[in-house]
Amino acid sequence: MKDFKQEIASIISKVTNIDEHELVTYIEVPKDSNMGDYAFPCFRFAKELKKAPNIIAEEIKEKIDITGTNIEKVDILGGYLNFTISKLELVKVTLEEIDNKKDDYGKSSLGNGKTIIVEYSSPNIAKPFHIGHLRTTLIGRALYNIYKYLGYNTIGINHLGDYGTQFGKMIEGYKRWGKEYNIEENPIEELTKIYVRINALCKEDEDVLEVCRDNFKKLEEGDKYCKELWEKFREVSLKEFYRIYDLLDIKFDSLNGEAFYQDKTDEVIDILEKTGKLVESEGARIIDLEERKMPPCIVCKSNGSTIYATRDLAAILYRARTYNFDKCLYVVAYEQNLHFKQVFEVAKLLGISEKCQKGLEHISYGMVHLKEGKMSTREGNVIKVEDLLKESISRVKDIIEKKNPDFTKEEKQDIAKKVGIGAVIFNDLSGARIKDEIFDWDTMLNFTGETGPYIQYTYVRTNSILKKTQEIPKIEEVDFTKLLNEAEISILKLIYSFTNVIEQASIKNEPSIIAKYLIDLSKVFSSFYNENKIIVEDEALQNARIYLTYATNLVLKNGAKLLGINMPEKM
RNA sequence: GGGUCAGUAGCUCAGUUGGAUAGAGCACAGGCCUUCUAAGCCUGGGGUCGGGGGUUCGAAUCCCUCCUGGCUCACCA
């Protein structure tokens, strides 16, 4: 698609000595659209040229030739050179691109030939899937979708927490009290009770903790009893997790969790040994990272068994070999910042390519707190994702019952699910990743204002118009001059920038950029919708407005899909 | 204590990589349904951008320092 910013940069570049690519980064969008569509600030050159910014702007303006370009007007304001582009061209370029790409509008080939791994969700088995797991699951899925949309070969991995000392504990707890709990009926809840109980005992009695560690060691060594139990825990947990993944419509390309690397850690230790940097310390084997101003990375515990860092390293080695990734993103909460810094540092010793080394990136995000404080499985004050989703769906159902009692039962169910879950997803993805979140039912389940349902509602409005007119006019039947008012141009500018917004979201690994964009688009469309009738007598006007509605419909749907939000056809 | 992240309206948050008069939503006050869905639209009040220094044409944004809070700092993940 034609790039207006690029065009302006090219024109300025011709009359200055500044590189075109450099110029593009300087060009910005004015706050007030009355000032122009793009702005070139001249301040930064004032010192070098020893001239006032407005004089520089004046000189550039004199020299540039805009005849035959898409630039209509150049103004000087303050030290800015403000460019106004041809609105007709904007409308034409944007809608023709819509016609050209249709459902694929916004996709790009930016990532062609590149492979990116997104590791996300990664819950610990035998523990409840609570709202703390929601963020990694939703952010990760959104990033997965975003990269895929940009043409990357994308691999989504659920790095299950299915290994480690915690299972030594689980095994010990089960061995002691398993008969007292009804695991078949309510596996995770009952296993959690056992886990809480054994943890308490470990805290009291160091010897029990030692037994648990030993159990894990046995598990690693292939002990039959331990392995059978572990398999059982894993199976029942996955079954429960998939109830939630299905509700959220989450999919993975791989479920290779920690246990998968069980037989791959020896090689890691071997490689590290050969570097001569694996040293013994306090009985454990570590890589000293003092040079990098970090605490040491433990690779082998003093009892000889592995630790999560070892398995993460094995995973890096395996993934580098299997996928030869350009990037490997770890969507994990910021409490593990140090861990990943250490592991990425040690990964440099594994002999993997520089590309893979540099592609490792921890996508950290903020924690979820309750008003009362931190969530803790042990205290039993966790909010389970399933309960949250069910509550949301139920609240939406009540609203539908009031607003649209005539919908069929199936329709109500379908809409309640899409809107209820959409609200939760949007709420989670609408803020910057890094910020902590204080969980509150009424904030989470608010359906008015800047929320998921608002975007869905706007989509539904476009949808019902398109349904009413039956067909979308051909692009040849659209008179672009009918779409030159302020409201229409605001909508088209946003639609024009869709791909760019997705790219920004990928550069920053920040789905909230897309969430914000969808709110903006919904706002300008809602405003337009309120002021103008779309289905009108004047056929040419109607065709143009319908096409604009169609374009909005498409972008809202595709954008929401990237976030993992499904659109209801009506609501 | 060291490291690190955050602090913007009563609340929840944006702020296009240093640019023009700091913006939304919620809440509050008022207006708009005989019309393509009012989960909407329009209008209004609200600010020491945590405090103080500095860098420069220009700082919410960069540097220093202090305050407050989160996370983390050896065999949990």
Side-chain angles (χ1 to χ4, degrees), chain A residues 25 28-32 35 39 41 43-44 46-47 52-53 77-80 82 122 124 161 163-166 168-169 199 209 213 258 281-286 293-303 305-309 311-312 332-339 341 364 366-367 369 374 396 399-400 403-404 419 423 427 430-432 434-438 440 442-443 446-454 456-458 460-469 497 500-501 504 508 512-513 516 519-520 522-523 526-536 545-546 549 570-571:
Chain A
T25 64
E28 48 194 69
V29 177
K31 286 222 157 97
D32 183 350
M35 298 193 280
F43 308 96
R44 71 176 74 232
K47 202 173 211 176
L77 190 63
Y80 289 93
N82 287 336
S122 316
N124 288 329
Y163 225 52
T165 304
Q166 51 176 332
K169 288 182 182 173
N199 258 310
L209 181 60
R213 285 178 181 148
E258 290 191 66
S281 167
E282 296 173 31
R285 305 178 83 190
I286 63 155
K293 293 184 174 155
M294 282 185 267
C297 181
I298 295 176
V299 178
C300 262
K301 299 196 285 192
S302 42
N303 73 350
S305 71
T306 63
I307 192 167
Y308 59 110
R311 296 186 284 275
D312 269 337
V332 180
Y334 67 53
E335 53 185 346
Q336 293 195 39
N337 276 356
L338 178 60
H339 165 69
K341 260 175 89 176
S364 62
M367 322 267 295
H369 298 276
K374 203 177 167 180
V396 171
I399 296 173
I400 298 172
K403 290 184 192 286
N404 297 89
V419 175
N427 183 276
S430 61
I434 198 65
K435 302 232 178 171
D436 287 341
E437 188 184 315
I438 292 163
D440 171 66
D442 291 329
T443 311
N446 172 32
F447 308 127
T448 62
E450 295 178 348
T451 63
Y454 175 60
Q456 290 171 319
Y457 187 74
T458 311
V460 161
R461 282 174 147 180
T462 63
N463 218 33
S464 76
I465 292 164
L466 297 180
K467 227 171 238 165
K468 192 164 180 180
T469 54
S497 65
N500 194 258
V501 167
Q504 284 302 314
K508 294 184 182 167
S512 67
I513 292 174
K516 184 86 173 59
I519 289 291
D520 289 342
S522 298
K523 271 188 192 167
S526 293
S527 180
F528 167 74
Y529 174 94
N530 231 264
E531 284 163 27
N532 301 283
K533 291 282 291 174
I534 290 163
I535 297 171
V536 289
R545 287 182 176 172
I546 290 288
T549 304
K570 56 181 184 177
M571 66 189 270

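Sequence lines set the chain letters: A, B, ... in the order given, protein chains first and strands last, and positions in each chain run from 1. Values below: all heavy atoms of this structure, side chains included; hydrogens, waters and symmetry mates excluded.
- The two atoms that bring A/P41 and A/E28 nearest to each other are CG-OE1, 3.4 Å, heavy atoms only.
- For A/S526 and A/M571, each mapped to the nucleotide of RNA chain B holding its nearest heavy atom, the one lying further toward the 5' end belongs to A/M571.
- Using a 4.0 Å heavy-atom cutoff across all strands shown, A/K533 reaches at least one base atom of the nucleic acid.
- A/N82 comes within contact range of at least one nucleobase, with a heavy-atom separation under 4.0 Å.
- Nucleic acid contact class of A/P53 (heavy atoms, under 4.0 Å, all strands): none.
- At a threshold of 4.0 angstrom between heavy atoms, the contacts of A/A46 with the nucleic acid are absent.
- For B/rA14, the OP1/OP2 oxygens have no side-chain nitrogen or oxygen of A/S512 closer than 4.0 Å.
- The same atom, C1', is picked in B/rG23 and in B/rG15; the two are 7 Å apart, to the nearest Å.
- Regarding contacts with the backbone of B/rG7, a side-chain N or O of A/K435 is found under 4.0 angstrom from either OP1 or OP2.
- As a whole-Å value, the separation of A/F528 CZ from B/rU37 P is 15 Å.
- Nearest heavy atoms, A/F43 versus A/P53: CD2-CG, 3.7 Å.
- Phosphate proximity of B/rA74 to A/R285: absent, as no side-chain N or O sits under 4.0 Å from OP1 or OP2.
- Side-chain atoms of A/T458 come within 3.5 Å of backbone atoms of A/Y454 as a donor-acceptor pair (strictly under, hydrogens ignored).
- Here B/rG70 is the nucleotide among B/rG70, B/rA74, B/rU37 with the atom lying nearest to any side-chain atom of A/D436.
- Nucleotide B/rA14 is matched to nothing when pairs are restricted to Watson-Crick or G-U wobble geometry with both distances under 3.5 angstrom.
- The side chain of A/R44 contributes no N or O atom lying less than 4.0 Å from OP1 or OP2 of B/rG58.
- Using a distance-only test at 3.5 Å, with no hydrogens or angles considered, no donor-acceptor pair links the side chain of A/N532 to the main chain of A/I534.
- On the C1' atoms, B/rA27 is 13 Å away from B/rG45, given to the nearest whole Å.
- Base-pair partner of B/rA29: B/rU43 (Watson-Crick or G-U wobble, both distances under 3.5 Å).
- Heavy atoms of A/I438 sit nowhere under 4.0 angstrom from any nucleic acid atom.
- In this structure, A/L338 reaches the sugar-phosphate backbone alone: every heavy-atom distance under 4.0 Å involves primed, P, OP1 or OP2 atoms, never a base.
- Between the side chains of A/R311 and A/T306, at least one donor N or O lies within less than 3.5 Å of an accepting N or O.
- Nucleotide B/rA59 has no partner under the Watson-Crick or G-U criteria, as no pair reaches both atom distances under 3.5 Å.
- Among the protein residues, A/I546 comes within range of no part of the nucleic acid, since none of its heavy atoms lies under 4.0 Å from any strand.
- Separating the CD1 atom of A/I434 from the P atom of B/rG15 is a distance of 14 Å, rounded to the nearest angstrom.
- Separating the NZ atom of A/K341 from the P atom of B/rU4 is a distance of 7 Å, rounded to the nearest angstrom.
- The glycosidic torsion of B/rU17 lies within 90° of 0, which places this base in the syn conformation.
- In this structure B/rU68 sits in a base pair with B/rA6, meeting the Watson-Crick or G-U test at under 3.5 Å.
- Rounding to the nearest 0.5 Å gives a distance of 10.5 Å between OG of A/S522 and CZ of A/R461.
- Annotation: B/rA14 and B/rG7 have their C1' atoms spaced 15 Å apart (nearest Å).
- To the nearest angstrom, P of B/rG40 lies 10 Å from CD1 of A/I399.
- RNA chain B is contacted by both A/S281 and A/P30; A/P30 maps to the nucleotide lying nearer its 5′ end (nearest heavy atom per residue).
- For A/V29, whose side chain is taken as the heavy atoms from C-beta onward, the closest listed nucleotide among B/rU16, B/rA39, B/rC36 is B/rU16.
- Contact annotation: A/S464 side-chain N/O to B/rU37 OP1/OP2 distance is under 4.0 Å.
- Between B/rG44 and B/rU34, the distance separating the two P atoms is 25 Å to the nearest Å.
- Remark: P of B/rG25 and NZ of A/K523 are 5 Å apart, rounded to the nearest angstrom.
- Applying the 90° criterion around 0 to the glycosidic angle, B/rC33 comes out syn.
- Residue contacts for A/Y457: at a heavy-atom cut-off of 4.0 Å it reaches a base atom on one of the strands shown.
- Rounded to a whole Å, the OH atom of A/Y529 is 13 Å from the C1' atom of B/rA39.
- Within the 4.0 Å cut-off from OP1 or OP2 of B/rC41, at least one side-chain nitrogen or oxygen of A/Y454 is found.
- Rounded to an integer number of Å, the gap from CG of A/N530 to C1' of B/rA38 is 9 Å.
- Rounding to whole angstrom units, CG of residue A/D440 and P of B/rA27 are separated by 13 Å.
- Taking CG from A/L209 and CZ from A/R213, the interatomic distance works out to 4.0 Å, rounded to the nearest 0.5 Å.
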